[in-house]
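Note: hydrogens, waters and symmetry copies are ignored here, and every other heavy atom, side chains too, is used. Source: prediction; values computed, not measured. Each ligand, and each atom within it, is numbered from 1 in the order the structure gives. Index from 1, following the sequence.
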Amino acid sequence: MEKLMVANVKMNFNQAQAKTYLETLLALGEAKHKAVVCLPFTSLPVASQILQQSFISLGAQNVCEEENGAFTGEISAEMLNELNCQYAIVGHSERRKYFAETDESVNKKIKLLLKHSIKPIVCVGENLKEKETNKTNAVLESQISKALSGLYENEVKRLVVAYEPVWAIGTGKNAAVKDAENAIVFIRACIGTMFSESAAKQIQILYGGSVKTDNAKSYLNSNQIDGALIGGASLDAINYHQLLNVWR
Ligand code: PGA
């Protein structure tokens, strides 16, 4: 089954490097899974040109929670749409930690992205202390209920959620497949309660946190896990292309 494999290149690649990265990916040819590359804002215009009618979709890593106006230094959902961004990451743990992103701002961002036909990739997940004190489900329930508050059922079906335990991001300590599955089943149940069974079934839920070529298969084999959000291992085009072709 085709999965969604999102590359989060974070604050890497100037325009020239992004161009080389994308051209290398395209030259490697079509992949088995759906590819989305989330680039820094400055590389989006060049990427938008290169990726026209290709098998790779373009994504951003953030968006402003306001529609437009006096918000110096911010980038709006409408501006991302103009650059053919089809996806945008919101609520990544690095943004929550370093840039004070909250569930309330994530909620506003999701609504604006949907309004401008961009699929939000909503990141949720517990930190190490919360994991060790068995608070994972409580954290997930709180993040999901606040982030998705006020959405319509048909909007929720268009979302992507990424379960990313904070302790697994960039650490090489990926979550056990069973634990990732349990968290994803729980997130689906929360969405089922908040919206409907059909929304819970249709929403795509990814796992993220130290996904590499040697562990990706075990996540993708799970019927519960719809794909992966990949940081470090996506930075090398050949490596990311291998991940796009991992098959059971
Ligand atoms: P990682 O990052 O794959 O390097 O752990 C994942 C992420 O931050 O989305």
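Relative to the ring axis of Trp167, Lys131 places its NZ or CZ within 45° and under 6.0 Å from the centre.
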Legend entry - Arg188/Gln224 under side chain to side chain donor-acceptor pair (under 3.5 Å): CA gap, chis, key distance, verdict: CA-CA 9 Å; Arg188 262 188 227 289; Gln224 286 298 332; 3.3 Å; yes
Legend entry - Asn81/Ser117 under side chain to side chain contact (heavy atoms under 4.5 Å, CB included): CA gap, chis, key distance, verdict: CA-CA 7 Å; Asn81 174 283; Ser117 309; 4.1 Å; yes
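Residue contacts with ligand 1 for Ser234 are absent, since no atom lies close enough (heavy atoms, distance under 4.0 Å). Counting heavy atoms closer than 4.0 Å to ligand 1, residue Ile169 contributes atoms from both its backbone and its side chain.
Ligand-side atoms of ligand 1 in range of Leu229: 9 (O), range being under 4.0 angstrom from any heavy atom. Close contacts of ligand 1 with Gly170, meaning ligand atoms under 4.0 Å from a residue heavy atom, involve 1 (P), 4 (O), 5 (O). Close approach of ligand 1 to His92 (heavy-atom distance below 4.0 Å) involves ligand atoms 7 (C), 8 (O), 9 (O). Listed by atom number, the atoms of ligand 1 under 4.0 Å from Ala168 heavy atoms are 5 (O). Within the listing of ligand 1, atoms 5 (O) sit less than 4.0 angstrom from a heavy atom of Gly209. Interface atoms of ligand 1 facing Asn8, defined by a heavy-atom separation under 4.0 Å, are 8 (O), 9 (O).
No more than 12 heavy-atom neighbours from other residues, nucleotides or ligands sit within 6.0 angstrom of CD on Glu197. Remark: Lys34 NZ is packed, more than 12 non-hydrogen atoms of other residues, nucleotides or ligands lying under 6.0 Å away.
Regarding atom 4 (O) of ligand 1, its nearest protein heavy-atom neighbour is Gly232 N, 2.8 Å. Among protein heavy atoms, atom 9 (O) of ligand 1 sits closest to Glu164 OE2, 2.7 Å. Of the protein's non-hydrogen atoms, Gly231 N, 2.8 Å is the one closest to atom 3 (O) of ligand 1.
Annotation: Thr171 places no N or O atom under 3.5 Å from an N or O atom of ligand 1; distance criterion only. The shortest N or O to N or O distance between Lys212 and ligand 1 is not under 3.5 Å.
Between Glu101 and Arg95 there is a salt bridge, since a side-chain N of the basic residue sits under 4.0 Å from a carboxylate O of the acidic one. A salt bridge links Lys178 with Glu181: at least one charged nitrogen is closer than 4.0 Å to a carboxylate oxygen.
At a threshold of 4.5 Å between side-chain heavy atoms, the hydrophobic network of Ile, Leu, Val, Met, Phe, Trp and Tyr places Ile75 and Phe13 in one connected group.
Within the 4.0 Å heavy-atom shell around ligand 1 one does not find Gly208. Judged by the shortest distance from any of its heavy atoms, Gly172 lies outside the 4.0 Å radius around the atoms of ligand 1.
Residue Glu65 forms a salt bridge (charged side-chain N to carboxylate O under 4.0 Å, His left out) with just one option from Lys111, Lys109, Lys108, and that option is Lys108.
A side-chain donor-acceptor contact under 3.5 Å links Tyr163 and Glu126.
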